[in-house]
A.B. asks: 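Please find one structure pasted underneath; my questions will follow.
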Amino acid sequence: MNDWEYEELLQIVKRIYMNYIEQEISERLALARTLYDFETVENEGELETIIVNVAIGQIASSHEKISIGHLNYIKKIFARFEENKFADKLSNEELQDLSARINNVLKTVKQMPIEYNPIIE
């Protein structure tokens, strides 16, 4: 995590999403644009990808439904998380927080209604 602090990255993803919402576009489109905006950040490394998707997952958790593609993508990304793998990049508190956030997102999105044919408007 050369360019970002842990909490900073979580917050900036949410701020960008809220900026789109304030422009009065749909939640789905705001989420899609936010994910697109952070594609280059995800390319910085595995930890950045996980953190961005935790923030995206927390946002998606507040929506009515989750698309099957997004659900599968989140599960795939989160399956790569191992605390010891990132111990040199985050503090123990941040690792515990990230682990808790991952578990909370997974628990919530697995219980959400699934959208099998999502249309982004």
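Here, residue 1 is the first one in the sequence, and each next residue gets the next number.
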A.B. asks: So which heavy atom on Val109 is nearest to which on Leu71, and how close?
C.D. replies: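 Nearest pair, atom of Val109 first, then Leu71: CG2-CD1, 3.6 Å.
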A.B. asks: So, taking the atom named OG in Ser26 and the one named NE2 in His63, what distance separates them when rounded to the nearest 0.5 Å?
C.D. replies: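 Reported to 0.5 Å precision, the distance equals 8.5 Å.
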A.B. asks: Answer yes or no: is there a donor N or O on one side and an acceptor on the other, between the side chain of Asn103 and the main chain of Ser99, under 3.5 Å?
C.D. replies: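 Checking the backbone N and O of Ser99 against the side chain of Asn103, a donor-acceptor pair under 3.5 Å is found.
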A.B. asks: With the side chain counted from C-beta on, respond yes when Glu64 and Glu115 share a heavy-atom pair under 4.5 Å apart, and no when they do not.
C.D. replies: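 No; the side chains remain at least 4.5 Å from each other.
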A.B. asks: From Lys110 NZ over to Ser61 OG, what is the distance, rounded to the nearest 0.5 angstrom?
C.D. replies: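 Result: 12.5 Å between the selected atoms.
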A.B. asks: So, do Tyr20 and Asp37 sit near enough that their side-chain heavy atoms are less than 4.5 Å apart?
C.D. replies: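 Touching, per the 4.5 Å side-chain cut-off.
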A.B. asks: Using every non-hydrogen atom in the two residues, find where His70 and Leu31 come nearest and quote the distance to one decimal.
C.D. replies: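 The pair with the smallest heavy-atom distance is CE1-CD2, 4.1 Å.
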A.B. asks: Look up atom OH in Tyr73 and atom CD1 in Ile68, then write down how far apart they are to the nearest 0.5 Å.
C.D. replies: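 Tyr73 OH to Ile68 CD1: 15.5 Å, rounded to 0.5 Å.
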A.B. asks: Measure the spacing between OG1 of Thr34 and CZ of Arg15 and express it to the nearest 0.5 Å.
C.D. replies: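 Here the interatomic distance stands at 12.5 Å.
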A.B. asks: With the 4.5 Å side-chain cut-off for hydrophobic clustering, are Ile12 and Tyr36 part of the same group?
C.D. replies: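 Each belongs to a different hydrophobic cluster.
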A.B. asks: Mind listing the closest non-hydrogen atom pair of Ala87 and Leu95 along with its distance?
C.D. replies: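 Heavy atoms only, the tightest pair is CA-CD1, 3.7 Å.
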A.B. asks: Counting C-beta onward and ignoring hydrogens, is there a side-chain heavy-atom pair between Gln58 and Lys14 closer than 4.5 Å?
C.D. replies: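 Of all side-chain heavy-atom pairs linking Lys14 with Gln58, at least one is under 4.5 Å.
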A.B. asks: Give me the atom names and distance for the closest heavy-atom approach of Thr49 to Glu42.
C.D. replies: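 Nearest pair, atom of Thr49 first, then Glu42: OG1-O, 2.8 Å.
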A.B. asks: Counting only N and O atoms by type, is there a donor-acceptor contact under 3.5 Å from the side chain of Tyr6 to the main-chain atoms of Leu98?
C.D. replies: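 Pair found, side chain donor or acceptor close to backbone of Leu98.
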A.B. asks: Is it the case that atom CD in Gln23 sees more than 12 heavy atoms from other parts of the structure closer than 6.0 Å?
C.D. replies: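 More than 12 heavy atoms, drawn from other residues, nucleotides or ligands, come within 6.0 Å of this atom.
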A.B. asks: Which pair of heavy atoms, one from Lys85 and one from Arg80, lies closest together, and at what distance?
C.D. replies: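 Closest approach of Lys85 to Arg80, heavy atoms only: NZ-O, 3.5 Å.
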A.B. asks: Does some side-chain heavy atom of Thr40 sit less than 4.5 Å from a side-chain heavy atom of Glu44?
C.D. replies: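 A side-chain contact under 4.5 Å is absent here.
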A.B. asks: I need the Glu48 CD to Asp3 CG distance, nearest 0.5 Å.
C.D. replies: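 It is 8.0 Å, given to the nearest 0.5 Å.
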A.B. asks: Could you tell me if the side chain of Tyr17 sits less than 4.5 Å from the side chain of Ile56, heavy atoms only?
C.D. replies: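 Not in contact.
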A.B. asks: Parallel, tilted or perpendicular: which describes the rings of Phe86 and Phe81, with under 30° parallel and over 60° perpendicular?
C.D. replies: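 The rings of Phe86 and Phe81 lie parallel, inter-plane angle below 30°.
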A.B. asks: Which heavy atom of Arg33 sits nearest to which heavy atom of Ile25, and what is that distance?
C.D. replies: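 Arg33 and Ile25 have their closest heavy atoms at NH1-CD1, 3.7 Å.
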A.B. asks: Please identify which of these residues, Ile59, Val13, Asn53, meets the side-chain contact (heavy atoms from CB on, under 4.5 Å) condition with Leu35.
C.D. replies: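 Going through the options one by one, the only one that passes is Asn53.
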A.B. asks: Let me confirm one number: the CG-CD1 distance from Asn72 to Ile77, rounded to the nearest 0.5 Å.
C.D. replies: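 Between atom CG of Asn72 and atom CD1 of Ile77 there are 11.5 Å.
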